[in-house]
Amino acid sequence: MAVGQKQISPSVMCADFMNFGECIRDFEKNGIEYLHVDIMDGQFVKNFTLGTDFCKILKKETNIPLDIHLMVERPEDKLSWFEFGEGDYVSIHYESTAHLQRALAEIRARGAKPMVAINPATPIEVLRWVLPDIDAVLLMTVNPGFAGQKMVPQSIEKIRELRSYLDANGYENVEIEVDGNVSFENARKMSDAGADIFVAGTSSLFKKGVPMDESVKKFRESID
Ligand code: DX5
Ligand code: ZN
């Protein structure tokens, strides 16, 4: 996808696992572009969520590309544990490794699209010397580790600054993904500020009792 095309990446850790197959079929029917898979190791963040087998099952069950979000210490030691390939995004946190460039290069060498994630307090400038190694930046709009949090207020300004920073350095094709409290209302502001890929979780697509078709339609109206 190119910058400017708005894409939805539902955070599947927020899904109703008692009806997960139906949820995936709904996503396929609605042309969802990615499946955001949150992987947490209890070290980098104080939580555990999905794992390596879950990614394998998703790769078998659907053709929707994965958007694997690794919230783990030393991701360079763990990339080989995961199945991913062409068309998949794999994000690793700037804050989680001393070997960021090497890990991003490994993701690209395996045919997937490297994405670097930065926490709310991390300055954009840390990205300078890995810009050639990435296809996207995951700008965290909450502090990582849990669903259901409130967006860090200064996130919108940070999205705008990141878009300008990428363009000013000649990386107009690097996409921006936003993750955390991407509600219908926040999604509009994030889109206007320059976000391309939206991780939709508990505050938008996974509202109890609301048909997925309806939520996706409303979400697309918020971002287009
Ligand atoms: C938080 C995860 C997010 C989270 C999104 O660490 O990276 O993907 O699940 O959930 P909401 O949309 O509820 O903030
Ligand atoms: Zn995430």
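In each ligand, atom 1 is the first atom listed, and ligand 1 is the first ligand listed.
Atoms of ligand 1 lying under 4.0 Å from at least one heavy atom of Thr202, given by number and element, are 11 (P), 12 (O), 13 (O). Atom numbering of ligand 1 starts at 1 in the shown order; those under 4.0 Å from a heavy atom of Ala147 are 9 (O), 10 (O), 13 (O). In the vicinity of His36, heavy-atom distances shorter than 4.0 Å reach the ligand 1 atoms 8 (O). Taking every non-hydrogen atom of Met40 and a distance limit under 4.0 Å, the qualifying atoms of ligand 1 come out as 6 (O). Interface of Gly145 with ligand 1, defined as ligand atoms under 4.0 Å from a residue heavy atom, comprises 1 (C), 6 (O). With ligand atoms numbered from 1 in the order given, ligand 1 contributes 9 (O) to contacts under 4.0 Å with heavy atoms of Met13. Set against the non-hydrogen atoms of His69, the atoms of ligand 1 under 4.0 Å away are 7 (O). Atom numbering of ligand 1 starts at 1 in the shown order; those under 4.0 Å from a heavy atom of Gly180 are 14 (O).
Look at Val142 and you'll find every heavy atom at least 4.0 Å from all atoms of ligand 1.
Geometrically, ligand 1 and Gln149 share no nitrogen or oxygen pair separated by less than 3.5 Å. At least one N or O atom of Gly148, backbone or side chain, sits closer than 3.5 Å to an N or O atom of ligand 1. The shortest N or O to N or O distance between Asp38 and ligand 1 is under 3.5 Å. Where the criterion is an N or O separation shorter than 3.5 Å, residue side chain and backbone included, Cys14 fails it with respect to ligand 1.
Looking only at side-chain heavy atoms (C-beta outward), Ile8 and Ile223 come within less than 4.5 Å of each other. Side chains of Met115 and Asp67 form a contact here, defined as non-hydrogen atoms less than 4.5 Å apart. Put simply, the side chain of Leu70 does not reach to within 4.5 Å of the side chain of Lys78, judged on heavy atoms. Side-chain contact check for Val210 versus Lys218: every heavy-atom pair is 4.5 Å or farther apart. Inter-residue side-chain proximity for Cys55 and Glu83 is flagged as unmet; no heavy-atom pair is nearer than 4.5 Å.
Judged purely by atom type and a 3.5 angstrom limit, Lys6 uses its side chain to pair as donor or acceptor with the backbone of Ala195. Between the side chain of Arg110 and the backbone N or O of Glu86 there is no donor-acceptor pair closer than 3.5 Å.
The protein atom (non-hydrogen) at minimum distance from atom 14 (O) of ligand 1 is Asn181 N, 2.8 Å. Scanning all protein heavy atoms for the shortest distance to atom 9 (O) of ligand 1 gives Ser11 OG, 3.0 Å. Protein heavy atom in closest approach to atom 1 (C) of ligand 1: Phe146 O, 3.6 Å. Ranking protein heavy atoms by distance to atom 3 (C) of ligand 1, first place goes to Asp179 OD1, 3.0 Å. At the shortest separation from atom 12 (O) of ligand 1 among protein heavy atoms lies Gly201 CA, 3.2 Å.
Aromatic ring orientation, Phe44 versus His93: tilted (interplanar angle from 30° to 60°). Using the six-membered ring where Trp is involved, Tyr89 and Tyr34 have ring planes that are tilted, between 30° and 60° apart. Using cut-offs of 30° and 60° on the angle between ring planes, the pair Phe17 and Phe54 is perpendicular.
The name of the N, O or S atom in Asp38 nearest to the Zn ion (ligand 2) is OD1. Nearest N, O or S atom of Asp179 to the Zn ion (ligand 2): atom OD2. The atom of His69 nearest to the Zn ion (ligand 2) is ND1, with the search restricted to N, O or S atoms.
Heavy atoms only, all atoms of each residue included: Asp224 and Arg188 are closest at O-NH2, 2.6 Å.
Looking only at atom types and distance, the side chain of Thr122 has a donor-acceptor partner in the side chain of Glu95 under 3.5 Å away.
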